[in-house]
Chemist: 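Quick one: this structure, given as structure tokens, is what I'll be asking you about.
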There are 2 protein chains.
Amino acid sequence: MANNKKTTIKDIANVLNISAAAVSKALHDDSRISAKTKEAVKKVAEELNYQPNHLASALRRGKSNLVGVIVPRTNSNFFSSVIQHIEEVLDKEGYNIIITQSSESFEKECKNIDTLLFTQVDGIIASMANETIDLNYYEKIKSKGIPLILFDRGENDLNVDYIGIDDYESSHMIVKHLAEQGCKRIAHIGGYRHTRIYNNRIKGYIDAIKKYDLPIEDELLVESSLTIEDGRKKMSQLLALKNRPDAVYAAGDYAALGALQVLQENEIKVPDDIRLIGFGNEPFTSMLSPSITSVNQHSEKIGALAAQTFLERVKMNPLVQTLNKIILEAELIERDSSK
Amino acid sequence: MANNKKTTIKDIANVLNISAAAVSKALHDDSRISAKTKEAVKKVAEELNYQPNHLASALRRGKSNLVGVIVPRTNSNFFSSVIQHIEEVLDKEGYNIIITQSSESFEKECKNIDTLLFTQVDGIIASMANETIDLNYYEKIKSKGIPLILFDRGENDLNVDYIGIDDYESSHMIVKHLAEQGCKRIAHIGGYRHTRIYNNRIKGYIDAIKKYDLPIEDELLVESSLTIEDGRKKMSQLLALKNRPDAVYAAGDYAALGALQVLQENEIKVPDDIRLIGFGNEPFTSMLSPSITSVNQHSEKIGALAAQTFLERVKMNPLVQTLNKIILEAELIERDSSK
DNA sequence: TATTTTTGCTTAAACGTTTAAGCAAATATA
DNA sequence: TATATTTGCTTAAACGTTTAAGCAAAAATA
């Protein structure tokens, strides 16, 4: 039943009594092949159910037409949406993508990089794990001479393309919104400072707090892994303060969810007693009651831009990569938890 | 800066004045190569930062060591967890995976299959899109002579390996639980009947309702795409009935969420007025208030088993595939929405 | 009509690896 | 000591494609 031997261009060539080279050219619509031959080749190819061997052509051309994608995880709406839009753009240009997830582990991320390089990808689009500090493994990609594009979680030091939102400005937007609602003591459950985006959100928070003449206190600013569990922990911590905050801005939606759970368990009313804002606009933020105000990171644009940037880079010969940041403006999605 | 020319086994061979064949064998620990040579080869390989060209070896060996995975979407906890566990098992055996998503579209799924076959994957592990009825494209995989493993959404007609839970029994479990809580009119927002798993849930629902001597009425059984939106629509429909149900069992968590939203908007108390059960045990089911009772589908086991089944098949020569179902027992996770 | 250009193919090498076959030297066996 | 076996390599072909170079025939140009 199964067609044991696969059809190759040689088989087609034999049928038509022409050379394999002619077949290859015919299939690629080479101008030096007659319309008649092209037609005949395509017909036979169809009949024999010819499927090109991608490995052979990739080997010969020195290009695999595969692009590696590394994300911390795929089960977040942000990342899966970015991936979908990367795919959409690259598909049109004949590229396929290999998705890998680091599960926020540095070790896993290194393995993923090795795997992708081993698979001879033509480039890598990545968002770094929370844990990642050492950038040597990423240098490995650069030294291979293939484009590296970072998005969301990236580092300036690598001097490559980066696409993300303006985290500093986003914090300003959030603090402004809360200040306008009359909040006086705004706490921030921030991400790890060593990750650039979270550090920028923290800086933006601090500067905005100052701008609006609000109290800037150490106890109102906590560093978190931003998981649900840690969100719960940090919220409990904030509730234990002598002088409780009247608003909490979490740098991630999952942390905001954990915070909300703790608030509800303690029968603290959101938004009446404490206003709450998350970050990332995960779908569940609109599902909860109260729905959680959050920040839309424009995953579609980020994905499309990352793919387009890759396409530009891959056409360059020789490849030069420099720090090239594309910063998008984020959008505050106001929901019940903050007004 | 970038190492323009990549190191090949020939370069290593030149340094040591031996043949490329010897280098290849040394790197693969061939018994016919002396320990001394092996050591020397490995040292030079390290020094020259040799990275094997996967395309070349795959072409020569006729194996890519890539496995294609097709899922309806990655941003569901079930699928992303299955993928993670597939990866875990395959990684140990030297396989990498290429993840593609059909976005529940039949057309996209066909494209994905073409893409994966084009990339010369050694096998495909798939869960079918909701839309998929025509199985011809899947036959294409079989006719290529590579293993095809289905999970969750699969079809008997393809006569291949299948891993999933016992949907019929799961419905029994749910109806039993509701009946024990004293429910008398249990509605079912089911998936499309043409999808085997949803059909089984419907059959299980009907048989269980009969078993517990409850009314089996056409208006209590509706067919849905199981999205949030459709869940809302179907719940509104059920509320419009003269004789409302006192329990709703939705065949998917997202549909259950939509239903919950409508119930809350209409100030119908869950579980007091109407009990609600979902399916899939998505994380958000535990985040909502009330938390939603749901069914755990053992994504870890499904993923690991799918990978193991692939490994078994790929070792077979010649490959024979027959209908081979592995059915796992699901687990009811009782939460606030049903008691 | 003679020369140049274009058309439509062929030949052969290359991509980097693996592997079957072979062969000399070293070692074991009779 | 003569023969058989093992060791440790080499040579060469193969995987299926692409592509540079080349060449005869046809068409265009002078």
Side-chain angles (χ1 to χ4, degrees), chain A residues 3-42 44-45 48-66 94 117-122 144-145, chain B residues 3-42 44-45 48-66 94 117-122 144-145:
Chain A
N3 219 354
N4 245 358
K5 275 297 139 237
K6 286 162 191 165
T7 311
T8 70
I9 51 172
K10 275 193 178 178
D11 299 324
I12 302 176
N14 284 339
V15 171
L16 295 169
N17 250 320
I18 57 175
S19 70
V23 173
S24 172
K25 287 177 187 168
L27 292 171
H28 289 91
D29 271 329
D30 188 297
S31 64
R32 299 288 286 273
I33 299 291
S34 70
K36 208 168 113 187
T37 307
K38 281 181 189 170
E39 208 177 324
V41 165
K42 283 171 187 170
V44 175
L48 299 184
N49 188 27
Y50 168 73
Q51 302 276 124
N53 185 322
H54 173 252
L55 296 173
S57 95
L59 174 61
R60 177 57 232 248
R61 295 178 332 180
K63 272 200 69 194
S64 66
N65 273 42
L66 290 173
L117 293 180
F118 174 73
T119 321
Q120 312 288 123
V121 292
D122 290 343
K144 270 269 172 179
Chain B
N3 221 354
N4 245 356
K5 276 295 140 239
K6 285 162 192 166
T7 312
T8 70
I9 51 172
K10 275 195 178 176
D11 299 323
I12 301 176
N14 285 339
V15 170
L16 295 169
N17 250 317
I18 56 175
S19 70
V23 173
S24 172
K25 287 178 186 166
L27 291 171
H28 288 92
D29 272 329
D30 189 297
S31 64
R32 299 287 288 272
I33 299 293
S34 70
K36 209 168 110 188
T37 306
K38 281 183 189 169
E39 207 177 324
V41 165
K42 283 172 187 169
V44 175
L48 299 184
N49 188 28
Y50 168 72
Q51 303 274 125
N53 185 321
H54 173 252
L55 296 173
S57 96
L59 173 61
R60 178 55 232 249
R61 295 177 330 174
K63 272 199 69 193
S64 67
N65 272 44
L66 291 173
L117 293 180
F118 173 74
T119 321
Q120 311 288 124
V121 292
D122 289 344
K144 270 269 171 179

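Letters go in sequence order (proteins before strands), and every chain restarts at 1.
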Chemist: Between A:S31 and A:A21, which residue's closest nucleotide on DNA chain C lies nearer the 5′ terminus?
Modeler: A:S31
Chemist: OP1 or OP2 of C:dG8 versus the side-chain N and O atoms of A:S34: is any pair under 4.0 Å?
Modeler: no
Chemist: Contact class for A:R32 (heavy atom, under 4.0 Å): base, sugar-phosphate, or nothing?
Modeler: base
Chemist: Heavy atoms under 4.0 Å, any strand shown: does B:S19 hit a base, just sugar-phosphate, or nothing?
Modeler: base
Chemist: Compare side-chain N and O positions of A:S57 against OP1 and OP2 of D:dT17 and report whether any pair is under 4.0 Å apart.
Modeler: no
Chemist: Establish, with yes or no, whether the OP1 or OP2 oxygen of D:dC9 is under 4.0 angstrom from a side-chain nitrogen or oxygen of B:T37.
Modeler: yes
Chemist: Within the structure provided, determine whether A:K42 and A:D29 are in side-chain contact (heavy-atom separation under 4.5 Å).
Modeler: yes
Chemist: Looking only at heavy atoms, what is the nearest atom pair of A:L55 and B:L59, with distance?
Modeler: CD1-N, 4.0 Å
Chemist: Any N or O donor-acceptor pair under 3.5 Å from the base of D:dT18 to the side chain of A:K63?
Modeler: no
Chemist: Between A:H28 and D:dT18, is there a side-chain N or O to OP1/OP2 distance below 4.0 Å?
Modeler: yes
Chemist: For a quick check of understanding: with a heavy-atom distance under 4.0 Å over all strands, which category does A:L55 fall into, base, sugar-phosphate or nothing?
Modeler: nothing
Chemist: Could you check whether any side-chain heavy atom of B:F118 comes within less than 4.5 Å of a side-chain heavy atom of A:N53, counting everything from C-beta outward?
Modeler: no
Chemist: Which residue in the set A:V41, A:L27, A:V44, A:D11 passes side-chain contact (heavy atoms from CB on, under 4.5 Å) when paired with A:Y50?
Modeler: A:L27
